[in-house]
Amino acid sequence: MLCEGDPDFSDIAAFRQINVSYHGDRAFYRNLSAIAPICKKHGVKVGINFCCQEPYMDELELIAKQAALFNAELLLLAYKPVKMPINGPSQTEILVKAFELASRYKINTAVDSACARKCHA
């Protein structure tokens with residue numbers, strides 16, 4: 001986590017955007033609350049990575065509200081397990097949800113290329 005006292009903190013301005021990832025724990029809120037004001041001060045955008053898998057989906061609305069609160073982009077990532085079955089919404093459902101959240105919360109949303117049907121890796 002970046003802090004104002006870090007020796008190389010001035011380098012933060014080299015970034016166009018810094019994303020905080022949600023992994024189902026409350027540390028996310030603490031990290032987002034800490035980094036967002038620092039980024040704003042230095043003209044760096046903030047984003048939120050959200051992997052669309054169970055059991056995280058119950059938290060998506062709350063995460064979207066946080067994105068609106070901090071003027072952060074919400075990146076919805078399709079869950080792509082290597083050997084396990086997919087446990088979450090389909091790529092099409094994620095794309096539809098991104099449009100819904102953008103409209104409802106007036107936030108920038110993005111999806112990974114799997115949801116945009118550009119990558120089938």
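Everything numeric in this text was worked out from a predicted model, so none of it was measured.
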Give the minimum heavy-atom separation between L32 and Q66, together with the two atoms involved.
-> CD2-CB, 4.0 Å

For the residue pair C51 and Y79, establish whether any side-chain heavy-atom pair is separated by less than 4.5 Å.
-> yes

Would you confirm whether S103, through its side chain, and F99, through its main-chain N or O, come within 3.5 Å as a donor-acceptor pair?
-> no

Any link between L77 and L62 through a network of hydrophobic side chains (Ile, Leu, Val, Met, Phe, Trp, Tyr) touching at under 4.5 Å?
-> no

Using 30° and 60° as the class limits, which term best fits the ring planes of Y56 and F50: parallel, tilted or perpendicular?
-> perpendicular

Between Q91 and A78, which heavy-atom pair has the shortest distance, and what is it?
-> CG-CB, 4.2 Å

First locate atom CZ of F70, then atom NZ of K65, and finally report the distance between them rounded to the nearest 0.5 Å.
-> 14.5 Å

Say you draw a straight line from CG of D25 to CD of E59; how long is it, rounded to the nearest 0.5 Å?
-> 10.5 Å

Co-membership, hydrophobic cluster, residues L95 and L60, 4.5 Å side-chain = yes

L69 and V44: same hydrophobic cluster, using ILVMFWY side-chain contacts below 4.5 Å?
-> yes

Do you know the tightest heavy-atom contact between A98 and V111?
-> CB-CG1, 3.6 Å

dist I18:CD1 -> I38:CD1 (nearest 0.5 Å) comes out at 9.0 Å

Roughly how far, to the nearest 0.5 Å, is the CE atom of M57 from the NZ atom of K97?
-> 6.5 Å

Would you please say whether a donor-acceptor pair under 3.5 Å links the side chains of E61 and Y105?
-> yes

Going from CG on L74 to CD1 on I107, what distance comes out if it is rounded to the nearest 0.5 angstrom?
-> 5.0 Å

Supply the atom-to-atom distance E73 CD to K45 NZ, rounded to the nearest 0.5 angstrom.
-> 8.0 Å

Short side-chain to backbone donor-acceptor contact, N49 and L75, under 3.5 Å | no

